[in-house]
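Hydrogens, waters and symmetry mates are skipped; everything else that's a heavy atom, side chains included, is used.
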Amino acid sequence: MKKYWMIIMALALVIALVVGCAPKEPPTGLDAAEITVQVEKEWMAYYEAAAKRITDANSGVTIKLQEIGFRASRRSLDRPCSQRFTGRH
């Protein structure tokens, strides 16, 4: 009886591995997405070109570029950690 039980368990393990590790259909692109990216003025041309490549390849994708200045992106690093997220300046 032990011998049959071991064979049944081995077959169950093989079936589980085959089903669990079977190749699945890989994703081929983005269905629909919308993101907003903060971009420094100096990098705007680079990000516009990258966003165009992505939106050309994926029609349902929208990328909004929000232009920020260099100082605005580094402002929180100038303050101590205790003041970064409290709104105190």
Please walk me through it: do Glu48 and Leu65 pass side-chain contact (heavy atoms from CB on, under 4.5 Å)?
-> CA-CA 8 Å; Glu48 285 173 344; Leu65 301 176; 3.6 Å; yes
Which ILVMFWY residues are connected to Leu17, directly or by a chain of links, through side-chain heavy atoms under 4.5 Å apart?
-> Leu13
Gap separating the NZ atom of Lys41 from the CE atom of Met44, nearest 0.5 angstrom = 9.5 Å
Can you list the steps and then say if Glu34 with Val61 is a side-chain contact (heavy atoms from CB on, under 4.5 Å)?
-> CA-CA 6 Å; Glu34 181 176 323; Val61 175; over 6 Å; no
Tyr46 side, atom OH; Glu40 side, atom CD - distance, nearest 0.5 Å = 13.5 Å
Test side-chain contact (heavy atoms from CB on, under 4.5 Å) on Ile68 and Val39 and set out the steps.
-> CA-CA 6 Å; Ile68 59 172; Val39 181; 6.0 Å; no
Val37 vs Ile63, side-chain contact (heavy atoms from CB on, under 4.5 Å): CA-CA, chis, key distance, verdict | CA-CA 7 Å; Val37 179; Ile63 299 176; 4.3 Å; yes
